[in-house]
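Residue numbers start from 1 in every chain, and the chains themselves are labelled A, B, ... in the order their sequence lines are given, proteins ahead of strands. Keep in mind that this is a model prediction, so the values were computed, not measured. Hydrogens, waters and symmetry mates play no part in the numbers below; they use all other heavy atoms, side chains included.
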2 protein chains.
Amino acid sequence: MAIIVDKDKKRRDIAGACNELLLEKGIKNLTITEIAKTAGIGKGTVYDYFSNKEEIVFEIIRKFIEEHQANLLGQSDKMTSTKQKVLYLFDFFLSEHKPYEKHLDVYREYLSVTLSTKSCPMLEFNRECSSFIREILDDIIDQGIKKGEIKDVARQLTDGLMKAERGYMVIAWAEGQDLKQEFKDYIDTLFDLIEIKK
Amino acid sequence: MAIIVDKDKKRRDIAGACNELLLEKGIKNLTITEIAKTAGIGKGTVYDYFSNKEEIVFEIIRKFIEEHQANLLGQSDKMTSTKQKVLYLFDFFLSEHKPYEKHLDVYREYLSVTLSTKSCPMLEFNRECSSFIREILDDIIDQGIKKGEIKDVARQLTDGLMKAERGYMVIAWAEGQDLKQEFKDYIDTLFDLIEIKK
DNA sequence: TTATGAATGACCGACAGTCGGTCATTCATA
DNA sequence: TATGAATGACCGACTGTCGGTCATTCATAA
């Protein structure tokens with residue numbers, strides 16, 4: 001016989017070895033040759049574990065996003081008001097935190113790829129991400145309603161809010177602007193409409 | 001001395017000759033060689049009029065968008081209610097019109113490019129497009145307020161609405177879903193909030 | 001020894017972009 | 001009016017890059 005490697009583990013190892021590289025070079029400027037070199041394997045070997053460049057980039061980015069989601073879950077209960085909780089949910093977009101910048105850059109490129117690929121796993125994963133955020137947001141809103149802070153109609157606005165956030169994000173990129181404050185203002189306006197005044 | 005051609009005109013001619021080609025092949029699958037062949041010139045000549053592929057693709061798409069904007073202006077006064085006018089403003093996204101499909105596909109790819117380019121003219125043009133829609137939307141809302149159909153607070157929602165539309169569009173693509181109905185529902189909810197009930 | 005599968009890097013094709021050269025036109029001059 | 005020098009439009013062969021492939025080699029278990 002011959003050596004049998006744990007394909008799944010090696011896959012993760014290769015991807016894991018390239019986290020930094022991806023953040024540093026971005027998707028477009030990342031070459032398979034570099035990936036192979038960084039992972040300490042031959043170029044051909046990369047293709048024994050991934051069927052194309054998109055797949056390996058996706059593997060790395062998925063890890064990034066899943067980590068970020070875990071982070072969200074771990075921190076979200078520190079927030080007090082409903083609005084604060086909502087804002088924190090969109091922290092990835094709103095945060096001014098420096099170290100996040102490279103992640104944001106890569107995510108921008110990822111979105112770009114997403115818009116021109118037909119890769120089903122990618123679309124599927126994006127749906128999962130939406131669902132993840134969606135469930136948390138729905139919870140937050142439910143709690144707010146139960147606490148008597150906001151009106152029932154807020155439930156119907158969650159969908160639009162999530163889409164608006166993505167819209168602000170994409171337009172900020174597509175037009176070379178910083179729209180964080182505008183998004184916060186928009187949330188303020190929404191809350192003015194749904195908050196129960198005392 | 002020598003022949004002097006109208007550089008601007010020829011630029012437009014080359015771009016104009018490739019409208020159909022771009023719609024047919026999309027941005028990524030369009031090659032400079034094909035562009036040259038279609039325009040009836042040599043490959044090198046393309047580079048006498050455009051500095052790179054992005055530039056020529058941009059030239060073609062800009063024409064598409066400007067035509068669509070002219071269309072919007074020509075048709076918008078046919079609408080009656082404020083909500084109808086708003087919906088029509090987002091017709092490019094909401095329309096089920098078959099012939100628009102290829103334009104939408106190309107626009108999706110254009111947005112994709114937009115998200116990973118640093119090309120200033122492109123970002124600049126995107127800002128102009130936003131302003132164009134923005135002004136019309138503000139007008140529509142103003143008229144609605146004057147007619148007593150909707151509340152003043154609507155003015156503060158226009159920004160978010162425009163972003164939400166783009167969000168629905170992008171997410172629909174990024175998640176492989178059709179979100180037209182969801183967007184319409186969202187608009188319905190917004191109008192419920194801002195409409196002055198009789 | 002041998003069968004098996006992992007690993008490899010030389011190789012390939014596609015494509016954006018470059019560059020040295022050609023050719024048609026124009027016009028100054030004899 | 002004939003000529004030839006100057007100009008710039010035009011061209012496609014060529015280069016460099018990069019994603020992806022495949023024939024071959026190598027290591028190990030039986």
Side-chain angles (χ1 to χ4, degrees), chain A residues 1-18 21-22 24-61 106 109-110 112-114 116-119 121-122, chain B residues 1-18 21-22 24-61 106 109-110 112-114 116-119 121-122:
Chain A
M1 279 302 168
I3 331 147
I4 303 296
V5 304
D6 183 340
K7 289 260 180 190
D8 262 11
K9 182 183 182 314
K10 182 137 189 178
R11 221 183 116 97
R12 285 194 303 272
D13 286 346
I14 296 172
C18 298
L21 187 66
L22 179 60
E24 220 45 59
K25 311 222 38 167
I27 297 177
K28 212 167 189 172
N29 293 322
L30 184 68
T31 69
I32 297 293
T33 305
E34 282 174 322
I35 288 173
K37 199 169 291 177
T38 303
I41 58 178
K43 187 177 173 183
T45 312
V46 173
Y47 286 91
D48 287 337
Y49 295 89
F50 300 91
S51 54
N52 51 43
K53 178 179 169 181
E54 190 176 292
E55 205 173 289
I56 183 168
V57 167
F58 179 43
E59 178 73 22
I60 300 172
I61 289 175
V106 168
E109 269 193 283
Y110 168 71
S112 167
V113 172
T114 267
S116 51
T117 190
K118 283 129 228 147
S119 150
M122 225 141 145
Chain B
M1 280 295 166
I3 329 150
I4 303 297
V5 304
D6 183 339
K7 287 260 180 189
D8 264 10
K9 182 184 183 312
K10 182 133 191 179
R11 222 181 116 97
R12 285 194 304 273
D13 286 346
I14 296 172
C18 298
L21 187 66
L22 179 61
E24 218 47 59
K25 310 222 41 168
I27 297 177
K28 214 168 188 170
N29 293 322
L30 183 68
T31 69
I32 296 292
T33 306
E34 282 174 321
I35 287 173
K37 199 169 289 175
T38 303
I41 59 178
K43 188 178 174 183
T45 311
V46 173
Y47 286 92
D48 286 338
Y49 294 90
F50 300 91
S51 54
N52 51 42
K53 179 178 168 181
E54 191 176 292
E55 207 173 287
I56 183 167
V57 166
F58 178 43
E59 178 74 21
I60 300 172
I61 289 174
V106 168
E109 269 193 282
Y110 168 71
S112 167
V113 172
T114 267
S116 50
T117 191
K118 284 130 230 144
S119 149
M122 225 142 146

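Checked options A:R12, A:K53, A:K10, A:R11; the residue passing with A:E59 is A:R11 (criterion: salt bridge (Lys or Arg N to Asp or Glu O under 4.0 Å)).
Atom NZ of A:K37 is separated from atom P of C:dT8 by 13 Å (rounded to the nearest Å). Rounding to whole angstrom units, CZ of residue B:F50 and P of C:dA16 are separated by 15 Å. The CZ-P distance, from B:F58 to C:dA16, rounds to 19 Å in whole Å. Taking atom CD1 of residue B:I56 and atom C1' of nucleotide C:dA16, one finds them 13 Å apart after rounding to whole Å. Between B:K25 atom NZ and C:dA14 atom P there is a gap of 12 Å when expressed in whole angstrom units.
The structure places CD1 of A:I27 at 12.0 Å from CD1 of A:I56, a figure rounded to the nearest 0.5 Å. Between the CD1 atom of A:I35 and the CG atom of A:L30 there is a distance of 4.0 Å, given to the nearest 0.5 Å.
A:E109 and A:K25 are not joined by a salt bridge, as no carboxylate oxygen comes within less than 4.0 angstrom of a charged side-chain nitrogen. Salt-bridge check for A:K9 with A:D13: passed, with a basic side-chain N closer than 4.0 Å to an acidic carboxylate O.
In terms of modelled atom types and a separation under 3.5 Å, the side chain of B:T38 and the main chain of B:E34 share a donor-acceptor contact.
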Practice problem: Give the C-alpha distance, both sets of side-chain angles, the deciding distance and a yes or no for side chain to side chain contact (heavy atoms under 4.5 Å, CB included) between B:V106 and B:V57. | Solution: CA-CA 10 Å; B:V106 168; B:V57 166; over 6 Å; no

Practice problem: Quick one: the dot-bracket string of DNA chain C, using Watson-Crick and G-U wobble pairs with both distances under 3.5 Å, [ ] for crossing pairs and | for bases paired to another strand. | Solution: ||||||||||||||||||||||||||||||

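Residues B:A15 and B:I60 come closest through the heavy atom pair O-CG1, 3.6 Å.
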Quiz item: Quick one: what's the B/S/- string for nucleotides 10-19 of chain D, heavy-atom cutoff under 4.0 Å, read 5' to 3'?
Solution: BBB-----SB

